[in-house]
**Q** 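Dumping the structure here so I can ask a few things about it.
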Amino acid sequence: INEAQGRLLTTNRIYNDGTGTVDIRKAMEGFLACMPEHTRVEKPVLHISLNPHPDDVLTDTELQDIAREYLEKLGYGNQPYLVVKHEDIDRHHLHIVTSRISPEGKKIADSMENIRSLKAIESIMSIDQKHQNSEMMKLAKSYHFESVSQFMAIFETSGYEAYIQDKD
């Protein structure tokens, strides 16, 4: 992050000065303050990478919301975490670091975490699709179209992909 390869988007229960960088010492203090001194959890840290499709154009606020909702659905919503946006490959993606240890010192349930992760992503995508459909309907109702070409041109200039599907 601090070498300009990524930018801190958001945190929960971890110090964030709003500059997009991380004070490692303060971040560690934040994580440790939320963990009991003694624990038997073998792997106390969870690292997650979320990679939106390269064609998805998402704002930082939308990425933050996706990360928060994803963590909530997996049971890590109240845990301390960092969300970092990276653009070091051909698309932006998120790295999330959180604690697997509850405040009581027990491991947060992670059974079938891969399956639950996929379901959380599908759910978030479904909600996003409903939002996009709602936005498209608002757009369609705000214009008077005289032809399919006009309809498609307005949608495309508004950032949507429009095409005609043949009925076969």
Side-chain angles (χ1 to χ4, degrees), residues 1-137 159-161:
I1 296 170
N2 297 343
E3 295 175 10
Q5 294 182 6
R7 186 165 44 84
L8 182 67
L9 286 185
T10 190
T11 63
N12 186 55
R13 300 173 68 187
I14 301 291
Y15 176 76
N16 182 354
D17 66 6
T19 64
T21 61
V22 175
D23 181 324
I24 298 298
R25 184 182 56 77
K26 287 185 178 181
M28 281 303 298
E29 288 173 0
F31 275 107
L32 292 173
C34 297
M35 292 182 185
E37 195 170 312
H38 300 287
T39 182
R40 292 185 177 177
V41 177
E42 194 173 311
K43 294 181 182 179
V45 176
L46 176 63
H47 172 248
I48 300 163
S49 179
L50 294 179
N51 296 272
H53 191 277
D55 294 340
D56 289 343
V57 179
L58 300 167
T59 66
D60 287 352
T61 301
E62 289 170 323
L63 290 169
Q64 289 174 33
D65 291 345
I66 288 168
R68 280 190 198 107
E69 186 174 346
Y70 175 82
L71 288 166
E72 190 68 39
K73 287 180 181 299
L74 286 184
Y76 295 97
N78 291 323
Q79 290 297 100
Y81 61 77
L82 303 168
V83 178
V84 177
K85 177 182 177 182
H86 272 210
E87 296 177 292
D88 58 344
I89 58 174
D90 63 342
R91 62 178 172 213
H92 59 255
H93 57 282
L94 300 178
H95 290 272
I96 302 170
V97 178
T98 188
S99 170
R100 289 185 175 275
I101 305 170
S102 73
E104 296 78 32
K106 298 184 180 190
K107 184 176 180 183
I108 293 176
D110 65 348
S111 66
M112 300 177 58
E113 198 165 69
N114 290 342
I115 294 169
R116 290 188 302 123
S117 176
L118 289 173
K119 286 182 179 182
I121 291 168
E122 287 173 1
S123 171
I124 292 167
M125 289 172 52
S126 173
I127 290 167
D128 186 49
Q129 187 65 40
K130 286 177 186 174
H131 172 73
Q132 285 180 357
N133 289 343
S134 172
E135 291 300 312
M136 290 186 337
M137 291 306 295
Y160 296 100
E161 186 175 311

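Just so it is clear, the structure is predicted and the values come from calculations on it, not from any experiment.
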**Q** Taking only distance into account, with no hydrogens and no angle test, what donor-acceptor pairs under 3.5 Å do side-chain atoms of residues 78-85 form with protein atoms, sequence neighbours excluded?
**A**
residue, atom, partner, partner atom, Å
Gln79, NE2, Ser99, O, 3.0
Gln79, NE2, Ile101, O, 2.8
Lys85, NZ, Asp60, OD1, 2.8

**Q** Considering residues, nucleotides and ligands other than Asp17, do more than 12 of their heavy atoms fall under 6.0 Å from its CG?
**A**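 Atom CG in Asp17 is crowded, with more than 12 foreign heavy atoms closer than 6.0 Å.
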**Q** Identify the two heavy atoms, one from Gly75 and one from Ile108, that lie closest to each other, and give their separation to 0.1 Å.
**A**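 Heavy-atom minimum between the residues: O-CG2, 3.9 Å.
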**Q** Hey, does the side chain of Asp110 reach the backbone of Glu113 with a donor-acceptor pair shorter than 3.5 angstrom?
**A**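 No; judged by distance alone, with no hydrogens or angles, the pair does not exist.
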**Q** Taking all non-hydrogen atoms of both residues into account, name the closest pair between Pro52 and Leu63 and its distance.
**A**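 The answer is CG-CD2, 4.1 Å.
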**Q** Say you draw a straight line from CD1 of Ile124 to CZ of Arg68; how long is it, rounded to the nearest 0.5 Å?
**A**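 Answer for the CD1-CZ pair, Ile124 versus Arg68, is 12.5 Å.
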**Q** Between Arg100 and Leu46, what is the shortest heavy-atom contact and its length?
**A**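 Closest pair (atom of Arg100, atom of Leu46, distance): NH2-CD1, 2.9 Å.
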**Q** Please tabulate, for the side chains in residues 29-42, all donor-acceptor contacts under 3.5 angstrom to protein atoms that are two or more places apart in sequence or on a different chain.
**A**
residue, atom, partner, partner atom, Å
Glu29, OE2, Arg25, NH1, 2.8
Thr39, OG1, Val41, N, 3.3
Thr39, OG1, Gly105, O, 3.2

**Q** What is the distance from atom CG of Leu118 to atom CD of Glu122, rounded to the nearest 0.5 Å?
**A**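 One finds 6.5 Å between CG of Leu118 and CD of Glu122.
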**Q** Counting only N and O atoms by type, is there a donor-acceptor contact under 3.5 Å from the side chain of Arg7 to the main-chain atoms of Glu87?
**A**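 Checking the backbone N and O of Glu87 against the side chain of Arg7, no donor-acceptor pair under 3.5 Å is found.
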**Q** Which one of Asn16, Thr11, Asn12 satisfies the side chain to side chain contact (heavy atoms under 4.5 Å, CB included) criterion with Ile14?
**A**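 In the set Asn16, Thr11, Asn12, the residue that makes a side chain to side chain contact (heavy atoms under 4.5 Å, CB included) with Ile14 is Thr11.
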**Q** Regarding Thr61 and Thr59, is there a side-chain donor-to-acceptor distance under 3.5 Å anywhere?
**A**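 No.
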**Q** Less than 4.5 Å apart, any side-chain heavy atom of Tyr76 and any of Ile48?
**A**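 When only atoms from C-beta onward are counted, Ile48 and Tyr76 do not touch, as no gap falls below 4.5 Å.
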**Q** Give, for atom CG of Leu71 and atom OG1 of Thr10, the distance between the pair rounded to the nearest 0.5 Å.
**A**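 OG1 of Thr10 is found 10.0 Å from CG of Leu71.
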**Q** Just how far is it from atom CD1 of Ile66 to atom CD of Gln64, taken to the nearest 0.5 Å?
**A**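 Taking CD1 in Ile66 and CD in Gln64, the distance rounds to 10.5 Å.
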**Q** CG of Leu74 to CD of Glu69: how many Å apart, nearest 0.5 Å?
**A**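 With rounding to 0.5 Å, CG (Leu74) is 11.0 Å from CD (Glu69).
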**Q** For His93, give me all partners under ring pair (Phe, Tyr, Trp, His ring centres under 6.0 Å), at least two apart in sequence or on another chain.
**A**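 Result, ring pair (Phe, Tyr, Trp, His ring centres under 6.0 Å) vs His93: His86, His95.
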